[in-house]
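See below for the structure under consideration.
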There are 2 protein chains.
Amino acid sequence: MSSRSQTIADKLTRAIIDHRLVPGCKLGERELSEIFNVSRIVVRQALIRLADDGLAQIERNRGAFVAKPSMQEAMEIYDALTLVEQGVAAQLSDRLGPAGWAELRQHVERQRQAVAAGNDALADVLGQEFHTVFVRLSRNKVMQEIHAQLVRRTTLLRSLITADFDYCNLLDDHSRVVDLLEKGRLKQAMDLIDTHHRAVVRGYIMDREVFPEMTPAEALVPYLDGTVDAATTAGPLRRMAKSPGNGKAASHLHIHLPKADPAPASRASNKKTNRGLPS
Amino acid sequence: MSSRSQTIADKLTRAIIDHRLVPGCKLGERELSEIFNVSRIVVRQALIRLADDGLAQIERNRGAFVAKPSMQEAMEIYDALTLVEQGVAAQLSDRLGPAGWAELRQHVERQRQAVAAGNDALADVLGQEFHTVFVRLSRNKVMQEIHAQLVRRTTLLRSLITADFDYCNLLDDHSRVVDLLEKGRLKQAMDLIDTHHRAVVRGYIMDREVFPEMTPAEALVPYLDGTVDAATTAGPLRRMAKSPGNGKAASHLHIHLPKADPAPASRASNKKTNRGLPS
DNA sequence: ATCACAAGATTGGATACCAATCAACATTTT
DNA sequence: AAAATGTTGATTGGTATCCAATCTTGTGAT
């Protein structure tokens with residue numbers, strides 16, 4: 001069992017990549033310590049981890065906030081992601097065996113079926129996951145960790161965009177990358193990876209304010225599992241219907257949570273899936 | 001001014017990459033808190049940062065130790081570094097202007113002069129720095145941070161190897177990479193980067209124990225700025241705490257590892273390798 | 001309306017304390 | 001004597017409480 005601050009950091013991470021905590025959202029120590037029923041220090045340690053990961057930024061004497069990357073930084077993140085995936089593509093085109101190619105194809109196929117079935121949420125998750133599977137096949141844990149961090153940060157970025165992706169298009173990209181690589185057309189595959197990411201970043205419009213729809217307390221409910229003490233809680237069954245005052249201006253920004261938990265395999269240390277709450 | 005735990009983390013990082021703290025060395029909370037005159041909690045936060053950076057590993061209820069990567073992990077780190085630098089090379093060969101090429105050449109020249117002057121320590125530092133300058137020219141801060149982290153980890157790895165590099169050879173590599181890139185011979189440059197790193201990793205012999213030459217208290221002396229015992233005054237004088245010049249230039253020293261010991265390599269029977277007591 | 005200033009809140013950190021766990025030592029048993 | 005088994009001490013992970021510095025806010029004076 002890993003440390004408590006790691007657990008908290010993981011939950012906050014998931015809340016962020018699920019877009020339940022949006023960029024700029026204040027992460028107050030006292031507030032979080034009450035939500036998670038831990039001491040402020042544990043929360044601070046968790047926030048340090050978040051900040052190291054680029055998902056939060058800590059301003060001295062002002063506190064921690066969900067990171068709010070600039071357009072410049074957004075492009076840098078996508079550039080770095082492109083660089084990494086192109087490099088991995090080059091490696092795979094050399095060394096990947098038949099089993100690996102099969103796994104990639106199978107993944108693409110699963111996503112295609114999800115799209116066909118109209119399950120957009122699942123298709124979204126699988127689309128994300130493709131990149132992770134891709135990098136995992138390099139069998140380089142260090143690289144995987146770097147890549148996973150970049151993916152988390154791109155996921156955060158999606159909170160800031162007017163997202164309406166053409167998933168079919170991206171799916172085709174995945175499929176074609178696999179095709180090209182297996183045929184040894186490395187250069188073309190790498191170019192496609194580049195345009196793939198550029199297609200995403202092009203849709204970005206970031207000079208827009210994002211308003212939280214819920215307080216952190218509400219946002220974090222799905223991640224509080226049983227281990228919380230039963231003293232103050234009315235149970236983890238709390239629905240978010242409850243609104244303790246403060247119904248700040250709610251913007252219309254629909255958030256969809258993926259159903260299945262794909263466990264983004266963030267840190268090697270923690271693999272608890274706390275998400276299966278009834279809700 | 002950043003937080004105190006960040007300051008401590010920086011000092012520990014420098015001590016590690018200067019090989020004053022060697023892999024496996026215990027980083028006790030109380031010990032460090034006394035050395036730095038801070039509370040245990042600040043030390044713990046610093047250790048969390050170190051662990052996130054891959055320079056330390058924290059074992060639950062056992063404490064933190066300077067990371068001791070396996071041979072597998074060492075290769076993964078170098079692989080990742082190669083991937084990153086190859087990718088940056090590809091970018092630079094497209095986009096780098098004359099000023100950039102000039103900066104690279106100038107850097108190589110400075111290292112050449114250091115070698116000519118017999119200043120091995122400086123040549124070593126410059127040799128390391130070349131890679132950093134190289135990546136900085138990509139103008140991608142995210143990539144720079146990723147690369148810097150990888151470089152720190154390779155530097156840590158050097159504590160574990162029988163180091164006897166041919167600096168001239170590596171210097172030539174740097175020079176040739178710049179040449180090849182500027183001429184647009186990207187493929188060859190990338191191959192050279194690969195062999196460059198492979199040349200380093202080939203020298204690795206890691207099934208060897210490393211014994212600390214000094215206690216952490218001794219190892220960390222150079223990084224305790226000015227007022228070691230300034231608990232009461234909490235000096236306004238500690239302004240220059242972050243200046244890296246002090247650490248780098250002055251504190252690079254050659255560490256003579258103990259002669260290869262025919263002791264049993266992997267048997268855990270004798271674990272008391274901590275604390276370089278006079279033996 | 002604007003500026004200055006006092007009051008409150010929040011963070012960063014220190015200290016003291018506790019429970020759980022691990023390591024080393026001491027003791028018993030074979 | 002060697003192995004197995006307590007027992008004790010040290011270290012870590014964590015909590016609660018307190019304090020200083022800083023930021024934010026609200027109020028009052030100009």
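Letters go in sequence order (proteins before strands), and every chain restarts at 1. The structure presented is a predicted model; accordingly, all values stated were derived computationally and were not measured.
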About how many Å separate CZ of B/Arg152 and CG of B/Leu55, when rounded to the nearest 0.5 Å? 6.5 Å
Between the protein and nucleotides 19-24 of chain D, which nitrogen or oxygen pairs are less than 3.5 angstrom apart?
from   : atom 1 : to      : atom 2 : distance (Å)
D/dT24 : OP1    : A/Arg62 : NH1    : 2.1

With a cut-off of less than 4.0 Å, is there a side-chain N or O of B/Lys26 near OP1 or OP2 of C/dC22? no
Value in whole Å for how far the P atom of D/dG13 lies from CD1 of B/Ile48: 9 Å
So which nucleotide from D/dG14, C/dA14, D/dT12 ends up closest to the side chain of A/Arg4? D/dG14
Say whether, by atom type as modelled, one donor and one acceptor occur between the side chain of A/Glu76 and the main chain of B/Lys141 under 3.5 angstrom. yes
NA contact type, A/Ile58, heavy-atom cut-off 4.0 Å: base, sugar-phosphate, or nothing? sugar-phosphate
Rounded to whole angstroms, how far apart are CD on A/Glu31 and P on C/dA9? 15 Å
May I have the distance from A/Glu34 (atom CD) to D/dT15 (atom P), rounded to whole angstrom? 14 Å
Quick note, A/Ser3 side chain, CB onward, closest among D/dG14, C/dG12, D/dT12 is D/dG14
Rounded off to whole Å, could you give me the CD-to-C1' distance for the B/Gln6 and C/dT11 pair? 17 Å
Hydrogens and angles aside, do B/Gln149 and B/Glu145 bring a side-chain donor and acceptor to less than 3.5 Å of each other? no
Whether the side chain of B/His131 engages the backbone of B/Ala148 through a donor-acceptor N/O pair (distance < 3.5 Å, no angle test) should be reported. no
Please give, in whole Å, the distance from C/dA20 C1' to B/Glu59 CD? 17 Å
Figure out the CZ/P separation between A/Arg30 and D/dT15, and round it to whole Å. 15 Å
Mind checking the OG1-CG spacing from A/Thr155 to A/Asp18? Nearest 0.5 Å is all I need. 9.5 Å
Mind listing the closest non-hydrogen atom pair of B/Val142 and A/Ala80 along with its distance? CG1-CB, 4.2 Å
Once rounded to the nearest 0.5 Å, what's the spacing between atom CD of B/Glu31 and atom CZ of B/Phe36? 10.5 Å
note: B/Ile41, atom CD1; C/dT11, atom P; distance rounded to Å ~ 16 Å
Between P on D/dG13 and CG on B/Leu47, what's the gap in Å once rounded to a whole number? 9 Å
